Amino acid sequence: MAEQQELDSTFYDARALPAPVAEHWPQSGAELGELVAERVERDPPLVCVGAGLHLDPAALGERVFEVVRTEGCDRLLGLDQTSGIVRVEAGMRWRTLQEALAVDGFGLTHYALQCDEATIGGLLSRRHPMPRALFGGDIREGVVALQAMTPGSPYRYLPAPRKSSGPDMRYLFMGGQGAVGVILDVSLVCWPLQGSSAWSIAAPKLWDALEAWRWIMSQGIRTSWSHWSSESGRLMVATHLPSIVRAVQDREAARHFKDRLELVEGGQVEQLRVGLERQLPDRRLDEHASMTTRAVLGLEALATACERLDASDSSALVVTPFGDHSVTLYVRDADEVARDKTRAWLGHVALWAEPILGTGAQHWAPWSQQLKRQLDPHDTLAVGP
Amino acid sequence: MTRSTLARELAHHVGASHVLTSLPDRLAYNNDCWPRGVILTRGHVVRPHMPGAIVCPGDALEVQQLIQWARRTQTPLVPYGAGSGVCGGGVTDGHGVILDVKRLKALKEVSRDDLLIRAQSGVIGMNLEQELQRQGLTLGHFPSSLLCSSLGGYLAARSAGQYSSRYGKIEDMVASMSVVTGRAELMETAPDPLSSRGGQLDCPDLTQLFVGSEGTLGVICEATLNVQPQPTKRYYRGFQFDGVDEALDAMRVMMQQGLRPAVVRLYDAFDTIIARRGKSSSKQAPGASRMDKLRGLLPEGMVHRVAQWFDDYGEPADALRGQVQDRVEQVTRGLMGRVMGQPLILNKMIDALPDECLLIVGFEGDGIACEAEAEHAFELLRHRGLDLGQAPGEHWLHNRYNVSYKQSAMYAAGAFVDTMEVSTTWENLRNLYWSVRRALSPHVLVMAHFSHVYPEGCSIYFTFAGYAPTLEDTLERYELTWRTGLDAVAASGSSVAHHHGVGLSKAPWTEHDHPGGRSLFESLKATFDPDGIMNPGKVYTSSRGDRG
């Protein structure tokens, strides 16, 4: 364990998070696990913080708590190049992992765009699910092994592409916000780096982007990532496939979109990704976070909402990713009045919607409360009812 | 509780016509498709898993009432779809009540714009798929049991269809479920994308915890699922490789290039011979099962020759015919015993066979991407193997539902047959294959195919057949086979269940797949089934709270 550092409240202030009463700095996943396992009942509860980009303070309730900073738990534990599986500790940053893998000719190319500074553990444990996509999309889809620690005991999901051996216990931790256990390390699918293409399609309005996306779906084209913003007025999609397949798709897209399409190839595709991930609004640190709302909408609901969204002068819009059935939309309003109207309205059209900077109490269903009592009877972990 | 009291109490909730207590009915629900159950049934041992009654609720409210009743009376309930599971997940302990959901069979809503459907759990897979295809859609879930399995069973057992590498597995398809927990509480596992707006995102994700729970946490009543447009293009082909290793490497490269074939099935050397013999043999009916083909290889094919003699020369007196057939059956069993009783020799002979193996690959979809991917994949495979053309792929496509549930011929000949589906990473795949073959070879005849491919690994589907002269010996050999096989899987660091679920069959090995998972499962049970009435003894060997 690293020596206790002086608690830096500016880290929490910048993220609109309450400051803890103490911090811990484990230097490995094993030390992180020991911290959780060795807590005694009278100790303040713990919450893991990586980059602190997605933790919802409402999940902490009114507790006095201590933070476990996971930056030191960031080792790359192994790379199985035959299977395309990388094992990393939960504190590894998303961008850092991509850079480390590139050295060995691998990448996380098929996953949707993620905040570059976010930790793997944070991305997995956050509550916000992305649209499911086979062999890509949400990084939860790529977890083939996981090690976690609950207050009572350790848990391991041994490596396998897939299991049908009972409830998928990974989901007590993935999407669990750290309420019943903390993720120590995971094994993620990664891909050998190969050629890629990206299409930058002129789409001034959200409606235009949706129409372009529907054409892409109709052609059976599978994208690695997708992004549209009202500021750029362009739909960006990338594909990572053999060059022969991409050539056919590129040709057909050029024929369909004509001069609306700009083709991006090679290393520029990766640079595009880096830039977009750096600017994603999905983070507490974003300068506009207090004015931004995140929502998931079905494609039909999005089509219905386009007119209102496109007409709004005060909102900046980002959609990433697009999926076969739904999208994740970010709406940034100019002021609190507009923001509150947006949130009220989105509550009626979106599958769910929440502010980037959560406010108010988090709802915990009775079963969730019961499960918390079962798995964390002594309130070792600060997140939860 | 007497049977009449049981029937009366159940009828109070669902109506008398939806409660079954007769002996034939209880015998019918004595087993799902678990081969161990078949062995017992053929040995006239039916008591261990015969239910006390079968009850068929008509809606979620009746399911709630039944679970409330079960809690009051501490009666185990076993949710039951179509009973096609092969792991004993749908059998009782001899005392419980089967809760058959087949009355919940409606396709309630179809949204073409969002590509979502809402269906009840008792709908049979083929019926659902036919209705969707009539509307130009597909769920994309095609297990070999499609004609006799239910949506609820798919979800409860965490199943995967033959096209999983294109459309995903059932957990990829489900968006939300309506379940009645073991507390008799009706709840949605996630905001329903068809109807929910502005919902709460609870955590953790209940959908993925209930999928695969095999009825141990509650009863799945309905589900909202993702669907796809029905494909308009299909490209199927067969390739021959000099050996399994070469073929597996080609499959790995194909998947890691980002291609997404609908079907990838590699048969090992012996399974390749079986598959080809069935295709080329004029004596076999088109689409004859692999087990029929296996039987045809054995000397007990004389049964067919005797029948042919009768047909050619006219029917002798019934008594004579009966005596001849009885004698033929005796001889058949004796020959089966001699042949199948030496599996180690058989397997060593198989290992000496040429290593050539057959790979079936298929792509389907719409638009430009499908054809482009197929062409590239086929070209990649041509560089590593021999292109056999469309015929093998087309043959598989048209006969893929003729394989399962034709095992009765083997059982009739005194043998048993079962399957074991496991999975691991590409790095570990060869180790897994040979570990299991070595473990099983002394006990049963073994063949395998590789399917359900991923960028990171693959599933292996072992089929094995064995024989023993008596019921007791058969059970002993059967259980020894499973013990040594799954111990080998566990020792190789692989997963003991890819898509059949766990049930009773693999419950002692669940802990291997999830070290430390039992306590988590106990917590889920305490949360959703505090009285332990929901399908006790499944998934994990009897947990503390189970009643049974």
Side-chain angles (χ1 to χ4, degrees), chain A residues 80 82-85 127 132 134-135 144 152-169 171-172 175-177 179 189 191-192 194 218-221 240-242 244-245 248-249 252 298-300 324-325 347-353 363 365 367-368 370-371 374-375, chain B residues 113-116 157-158 168-169 172 191 193 196-205 208-209 212-213 226 256-258 365-370 372-373 376 423-427 454-457 494-502 510 513-517 519-521 523-524 526-527 539:
Chain A
D80 174 356
T82 302
S83 308
I85 297 172
R127 201 166 50 147
R132 292 189 81 108
L134 194 61
F135 306 148
V144 297
S153 57
Y155 170 74
R156 292 182 63 201
Y157 182 100
L158 296 180
R162 196 236 187 196
K163 303 178 199 277
S164 68
S165 45
D168 191 342
M169 304 297 191
Y171 281 87
L172 286 173
Q177 299 185 92
V189 175
W191 289 269
Q194 60 177 335
S218 72
Q219 297 303 308
I221 296 167
H240 292 76
L241 288 165
I244 294 175
V245 179
V248 170
Q249 294 182 168
E252 199 59 31
L299 293 183
E300 186 57 21
D324 289 350
H325 308 277
H348 294 293
V349 299
L351 188 59
W352 60 268
H363 168 74
W367 62 262
S368 184
Q370 171 69 14
L371 193 59
Q374 288 289 327
L375 288 168
Chain B
D113 293 316
D114 282 332
L115 294 176
L116 292 168
R158 203 175 186 87
K169 293 76 63 188
D172 300 313
S196 176
R197 293 295 178 264
Q200 294 281 352
L201 254 194
D202 291 316
C203 83
D205 182 354
Q208 296 300 327
L209 289 171
S213 61
N226 301 321
Q256 291 178 349
Q257 285 186 352
D366 293 310
I368 56 172
C370 177
E373 286 197 25
H376 175 78
S423 74
T424 191
T425 62
W426 291 113
E427 173 69 26
Y454 304 78
E456 68 272 22
S494 311
S495 172
V496 299
H498 178 266
H499 60 271
H500 281 175
V502 172
T510 304
D513 268 16
H514 304 274
S519 62
L520 302 184
F521 180 71
S523 294
L524 289 172
T527 300
V539 179

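Each chain gets a letter, A, B and so on, in the order the sequences are listed, and its residues count up from 1. Model, not experiment: these values are computed from the prediction.
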Taking every non-hydrogen pair under 4.5 Å, which of [options] racks up the most with chain A?
options: B/G365, B/C370, B/A526; answer: B/A526
options: B/T510, B/L116, B/D172, B/V496; answer: B/D172
options: B/A372, B/S523, B/G517, B/S494; answer: B/S523
options: B/N226, B/V539, B/L524; answer: B/N226

Identify which part of [X] has an atom lying under 4.5 Å from any heavy atom of chain B, answering side chain, backbone, both or neither.
X: A/D80; answer: side chain
X: A/P242; answer: both
X: A/I244; answer: side chain
X: A/W191; answer: side chain
X: A/Y171; answer: both
X: A/H325; answer: both
X: A/V189; answer: side chain

Please test A/I85 against B/E427 for side chain to side chain contact (heavy atoms under 4.5 Å, CB included), starting from the C-alpha separation and ending with a verdict. CA-CA 10 Å; A/I85 297 172; B/E427 173 69 26; over 6 Å; no
If you count heavy-atom pairs under 4.5 Å with chain B, which of [options] comes out on top?
options: A/G220, A/G166, A/A160, A/S153; result: A/G166
options: A/H240, A/Q219, A/Q177, A/Q374; result: A/Q219
options: A/Q370, A/R156, A/K163; result: A/K163
options: A/S164, A/P161, A/G176; result: A/S164
options: A/V144, A/V349, A/L299, A/L371; result: A/L371

- Item | Pair A/R127 + B/D205: basic N to acidic O under 4.0 Å |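 Result for this pair is no, no salt bridge flagged.
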[X] to [Y] - nearest heavy-atom pair and separation:
X: A/D168; Y: B/L209; result: O-CD2, 3.4 Å
X: A/S218; Y: B/D366; result: O-CB, 3.9 Å
X: B/G516; Y: A/Y155; result: C-CD1, 3.9 Å
X: B/Q256; Y: A/P192; result: O-CD, 3.9 Å
X: A/V248; Y: B/I368; result: O-CD1, 4.1 Å
X: A/Q194; Y: B/G258; result: NE2-N, 4.3 Å

With a 4.5 angstrom heavy-atom cut-off, which part of [X] approaches chain A: side chain, backbone, both or neither?
X: B/A157; result: backbone
X: B/H499; result: both
X: B/V502; result: both

Do A/S165 and B/H514 have side-chain N/O donor and acceptor atoms under 3.5 Å apart? yes
Taking A/R162 for the side chain and B/H498 for the main chain, is one N or O donor matched with an acceptor at less than 3.5 Å? yes
OH of B/Y454 to CG of A/L134, rounded to nearest 0.5 Å, is 8.5 Å
Check: Could you give the distance from CG (B/L520) to CE (A/M169), rounded to the nearest 0.5 Å?
Finding: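 So the CG of B/L520 and the CE of A/M169 are separated by 5.5 Å.
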With a 4.5 Å heavy-atom cut-off, do B/T424 and A/P159 have their side chains touching?
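Not touching, per the 4.5 Å side-chain cut-off.
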